[in-house]
Amino acid sequence: MDLAFTPEQQEFRAEVRSWMEAHVPKAPLKTLEGREGFDEHVAWERELASGNWGMVTWPEAYGGRGLDLIRWLIFEEEYWRAGAPLRANQNGIFLLGPTIMEYGTDEQKAKFLTPMAKGELIWAQAWSEPNAGSDMAAIRSRAVRDGDDYVISGQKTWSSRAAFADWCFGLFRTDPDSKRHKGLSFILLPLDAPGVTIRPIRQLHGETGFAEIFFDEVRVPVANRIAGEGEGWSVAMATAGFERGLMLRSPARFQAVAQRLVALYRQHADTASPDTRAAVLQAWMDAEAYALNTYHVASQVIAGAHIGAEASLNKIFWSELDRSAHRAAMSLLGATAELRTLPGGKGGGEENAWLEGYIFSLSGPIYAGSNEIQRNIIAERLLGLPR
Amino acid sequence: MDLAFTPEQQEFRAEVRSWMEAHVPKAPLKTLEGREGFDEHVAWERELASGNWGMVTWPEAYGGRGLDLIRWLIFEEEYWRAGAPLRANQNGIFLLGPTIMEYGTDEQKAKFLTPMAKGELIWAQAWSEPNAGSDMAAIRSRAVRDGDDYVISGQKTWSSRAAFADWCFGLFRTDPDSKRHKGLSFILLPLDAPGVTIRPIRQLHGETGFAEIFFDEVRVPVANRIAGEGEGWSVAMATAGFERGLMLRSPARFQAVAQRLVALYRQHADTASPDTRAAVLQAWMDAEAYALNTYHVASQVIAGAHIGAEASLNKIFWSELDRSAHRAAMSLLGATAELRTLPGGKGGGEENAWLEGYIFSLSGPIYAGSNEIQRNIIAERLLGLPR
Amino acid sequence: MDFRLTEDQRNLRDVIRDYLDKEHGPEVLRRLDEGERRDPAIWAGLVEMGIAGLLVPENHGGLEMGLIEAVLVATELGRANVSESIADTALIAAPLLAGDRQEALAAGELRVALAHPINPWIADLANADMVLTGGKTIAAPEQCEALESVDPLRLLYTPMSADADDALLDRAALITAAQLLGAGERMLDLATEYAKMREQFGQPIGSFQAIKHHLASVAVKLEFARPLIWRAAYAAQHGHARAPIHISHAKVAATDAAVFAAETAIQVHGAMGYTYEVDLHFWMKRAWALAGAWGDRAFHRQRVDEAVLGGTLPITPDQTFASE
Amino acid sequence: MDFRLTEDQRNLRDVIRDYLDKEHGPEVLRRLDEGERRDPAIWAGLVEMGIAGLLVPENHGGLEMGLIEAVLVATELGRANVSESIADTALIAAPLLAGDRQEALAAGELRVALAHPINPWIADLANADMVLTGGKTIAAPEQCEALESVDPLRLLYTPMSADADDALLDRAALITAAQLLGAGERMLDLATEYAKMREQFGQPIGSFQAIKHHLASVAVKLEFARPLIWRAAYAAQHGHARAPIHISHAKVAATDAAVFAAETAIQVHGAMGYTYEVDLHFWMKRAWALAGAWGDRAFHRQRVDEAVLGGTLPITPDQTFASE
């Protein structure tokens, strides 16, 4: 065990820090869940790509830097330390990219990876269906083979980014007689293809980050299928594994939340209730624990370990930590917690990011496999309890 | 809604208070879970009976005072306010007594009720079996009809008080071919009958409040059966209803715990952590809420309402409140929490009642129907969710 | 001692509930949210039901009821997510006004906004006829600036000077607690109905023990918050010295129950709960808004803390209903 | 940066675990509890395994290992519920003693009791050869008075004057945290095994979602306490200025995880968990005892609170492994 960064790692940190200090937008971008803010975030992706910081863990051949997970963690620490924006590109970086690298053909790699790294292709997920949420094997959307094409019909929902993204990836039933996990294929398609209709889902706070995607006989070349026909489930599970795992939930992001929460506490220390004070400290302690656990997992992955059901431990921990931290912030804000813009001095106040963050944090225990499902996985696969 | 006590109720309170002040033992009794302490508690039951305070809610005909539930609550408030001991007789007062009054014959009433009220017959429960805990319908102990007797064989466990009690009551399978809830009968028998063996269960803290009861062809007159043969389940459910309901868990008892916890907090205020301070206040607030809810339920019962699955709400609330309160006390005691005797000045300290109380409180969410079962009941019977 | 609602009280509650179920369902909330957010017809209907004059003496044209009735009605207003300023006007301000004003109020012709330094906003100021603050009424300002609440049906304004008034704060906190309880009850209903209908893995999700236990825990929280509100109303109505402590206790319990109901209800709904399409969001937002209104958890916990841990309140088991 | 155990460290852990599984199972705990509570043969076995000399320099006959190894061994001692004073002597006191004493210690011929004002007792004082307090060793007293712990295998004594010593406190808190983690892990194992075997309603109770979720929550708590202990050990070993804060953090997390494991494990066991017959109680009692030892939650939370909320510790995301 060696918990010191090497001189090379320290130099890398210094390099990231200096780039971020020079490039991170001074003012916060508009929300990623509206058109204008989305475009601002895409512009930021291209800015990142211009510095070659977009996909730091990807191989250099595909526009990345080929960094290991420890450097990724360092990168993320500096990214969040600098207050940089959310990533419009995260479906591509962490979900689809690694999937194509593992299962894609050379042609698919060439066609998709480099544009993705450059922020030129923004990806949406197309997993869930109205009757296939936690139970993803209940997918009904079908892709019927017709020569060199699939003809896709059906409906997807809860597609994050789909309202504004360029392409989507998801599972479709290529064998109409199949049941559950069998007969599904993993297919990529452009969201401007004829027959695709996007209907943004109005979220409870009025934004439209999610969308429904309707497919009405959409023709997609068979070449857009990743891996073999009917092998979609295992490909998707690998993707879900990445998602549930550490890559999508950078510890530095939660440490930055905890840091802001501590600052908020200091502003409100004289009126904070004892349980909220305790909750603030707990949020900081848990963010630390999450960071340490991630370094531990990353070290194992670098050494060749495979992360399976252990990812469920992570999912539960970060989602409950994030909700608790934001709940504590709402308590600290008291009567102003409900306001979308916090009262400021002359010239008005700032957006109440804690309120938006609290609402978003409530989705953490739901998406990417609800925490109920995650607890089932832990109990059955890690502890060996009967199904 | 009228939340003022009537002058008669106030007079009654004054009467209880003055009797308790004159009679409650000045020094705490030894634990009810040892022989010596049990005898002290039985002596206290007889003292109570001498003042006609043993069974205040029972009809006068059976040695009670015929008081309604509001007066019972007043009685309990004064009982706990005075720091009076735990009740050795509670199985009789709250479980068996009401059952006999509802289902017993005149002979059974005459034979059992008055001695019970006088503290002359102390009762143990004989419900659970090694493989029938939460799942009480899995009972296997059998009672075979032989003329005017039943011949009982089998094993009961988790029988509170059985190590020292005089008689027990429980369910036995009178129809050998029956399954689950059918074919069970409710039978009373003396624990000194030939063929009965009591084996105290050593509890985790070394005391022996529970016992196993082994029955080896024990002959019991059929006249000791309550209600009809095979009707045991519905009789037992009525008994369990009383148990889960308000009578066994006097709010005043938890209010007294909260009051002691607040006093303990004041002693340790300078070192208490913020979350423990919050937990102390929460325990007091919850004990209040429990008292109010009990007055609400009692008022409904007096007006003729039947309490069904609502009792499960109560069970969960008092058991979790009691555990939280004792957990907070353990936190306040810090390094001394583990000591069975708290360090005192010259002449030694006092027994660490908080430690015993904490350990006992852990059984609250388990016994009388585990809180998991109670939550099932609430979900299915009160909320109407599917089984 | 009889801790039950009287038959009249139950009838009142049921009549209001039936009316609101029929006239003020989720479709009304959607219509308001897409339109003007206030509707004179809704106000008129509430006045017609007698709510405006609930606390006004009979000789001023009211029903001369008390705080128990007020919290019962407030609970129903919370359950139906009523956003008109009827609670502020009729259930909080009315008894604090002079007789002639009460008469206009009972007739539905007067809307009162409430200003108190504990809130950084004043609700429904723009359409108020007067403002109650610091124990007196003043004219509503010509102009005010709108704030945006997470709750689209809440209309908040600032700035305006406000003076402290304990009587107002206590009454408002109590009525707010009752509304939170009602919101919590409705969220439990919504989540329970959803759990019965939504299927995953071939069965209703309400048949899974995890979902059952989530909802059962909400039921427990709500059940034990309710009598706290009733006791606080009774104590305030009868001028008990410890009524403010009971009100604070009730506000804390109702807030915790409603916020817990919201977090649990969205978890049970899964991603659907995150949408505007299902109705849940209206109540969640109201719960988040009211949680901080008229004294947040920290404020009310502190009042109870000072009395209980500070040792100024006798807490032996016989004191539950004490008036001193 | 490599946050993994080395192969040597894993081997050490596995060897100790295998040894204790074989030689120090629940039947040994029962035998000790019914007898003398300490057994020279157990001590000799632990010395034989090299634990006594774990931290002693090679030139004094030890293995010259560090605090990472010490917490790994302490976790195994907690998992096996070892009660001999080997943790106090070898994992806490050893590096704080002079060289000649270390030699005797590594040979298993010296037992050290630890006295510090944070504890109102001294563990294993009656069979100690010397007492470490205030940075120096003193003779063990001729006579002392036994206290009774909830944990039957803990031997506590009083009174004896004790002087403060931060180095001792920090090391002891760290080793105690590791023992709590081990106890928590064992309780999760015990409850999981019980849930697989015990049947109710015709199926193993471990097939019910409520039981699964209880145990999964324990697994999460333990998983995230472990790296806190490892980091604290590393920081202390390398003399990082913030090591005491890391130790306090680890002690809080390990205490919370172990107490939560205990409460959950007894709930999963049902009434059986309440008996002496199943093994669970030995670990629950140890967890309750160690929760308050060497600084309770309040003490250690307060140290972290002062550093973090008090603002003395830099907490930007790049500071996780900082040495200042």
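Keep in mind it's a predicted model, so treat the numbers as computed, not measured. Each chain gets a letter, A, B and so on, in the order the sequences are listed, and its residues count up from 1.
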Strictly below 4.0 Å, N to O, side chains only: are [X] and [Y] in salt-bridge contact?
X	Y	value
C/Glu193	C/Lys196	yes
C/Lys251	C/Asp296	no
C/Arg303	C/Asp170	yes
B/Arg13	B/Glu77	yes
B/Glu76	B/Arg253	no
B/Glu372	B/Arg375	no
B/Arg65	B/Glu15	yes

Name the option with the most non-hydrogen atom pairs under 4.5 Å to chain C; the candidates are [options].
options	answer
B/Phe5, B/Tyr295, B/Trp80	B/Tyr295
B/Leu292, B/Ile74, B/Leu385	B/Leu292
B/Arg17, B/Glu320, B/Glu310	B/Arg17
B/Met1, B/Glu78, B/Glu380	B/Met1
B/Asn293, B/Ile378, B/Ile70	B/Asn293

Under a 4.5 Å heavy-atom cutoff, which of [options] has the most pairs with chain B?
options	result
C/Val304, C/Asp189, C/Ile68	C/Val304
C/Thr316, C/Thr6, C/Thr192	C/Thr316
C/Leu215, C/Thr320, C/Asp256, C/Val308	C/Val308
C/Ala225, C/Ser217, C/Ala322, C/Ala195	C/Ser217
C/Leu5, C/Asp305, C/Ile211	C/Asp305

Under 4.5 Å from a heavy atom of chain B, the part of [X] involved:
X	value
C/Arg226	neither
C/Gln209	side chain
C/Leu313	side chain

Whether B/Trp318 and B/Phe254 hold their rings parallel, tilted or perpendicular, with breakpoints at 30° and 60°: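 It falls in the parallel class, under 30°.
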
Indicate whether the side chain of [X] and that of [Y] have a donor and an acceptor atom separated by less than 3.5 Å.
X	Y	answer
C/Ser323	C/His240	no
B/Asn376	C/Lys212	no
B/Gln255	B/Arg81	no
C/Glu263	C/Gln267	no

Which residues in residues 280-288 of chain B have any heavy atom closer than 4.5 Å to a heavy atom of chain C?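 If one takes a 4.5 Å heavy-atom cut-off, the residues of residues 280-288 of chain B near chain C are B/Val280, B/Leu281, B/Gln282, B/Trp284, B/Met285, B/Glu288.
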
Contacting moiety of [X], where chain C heavy atoms sit under 4.5 Å:
X	result
B/Ala291	side chain
B/Ile316	side chain
B/Ala278	both
B/Gln300	both

Examine C/Tyr234 together with C/Phe3 and report whether their ring centres are nearer than 6.0 Å. no

Could you give me the CA-CA distance, side-chain angles and deciding distance for C/Arg186 and C/Asp279, then say whether salt bridge (Lys or Arg N to Asp or Glu O under 4.0 Å) is met? CA-CA 10 Å; C/Arg186 182 65 164 260; C/Asp279 300 324; over 6 Å; no

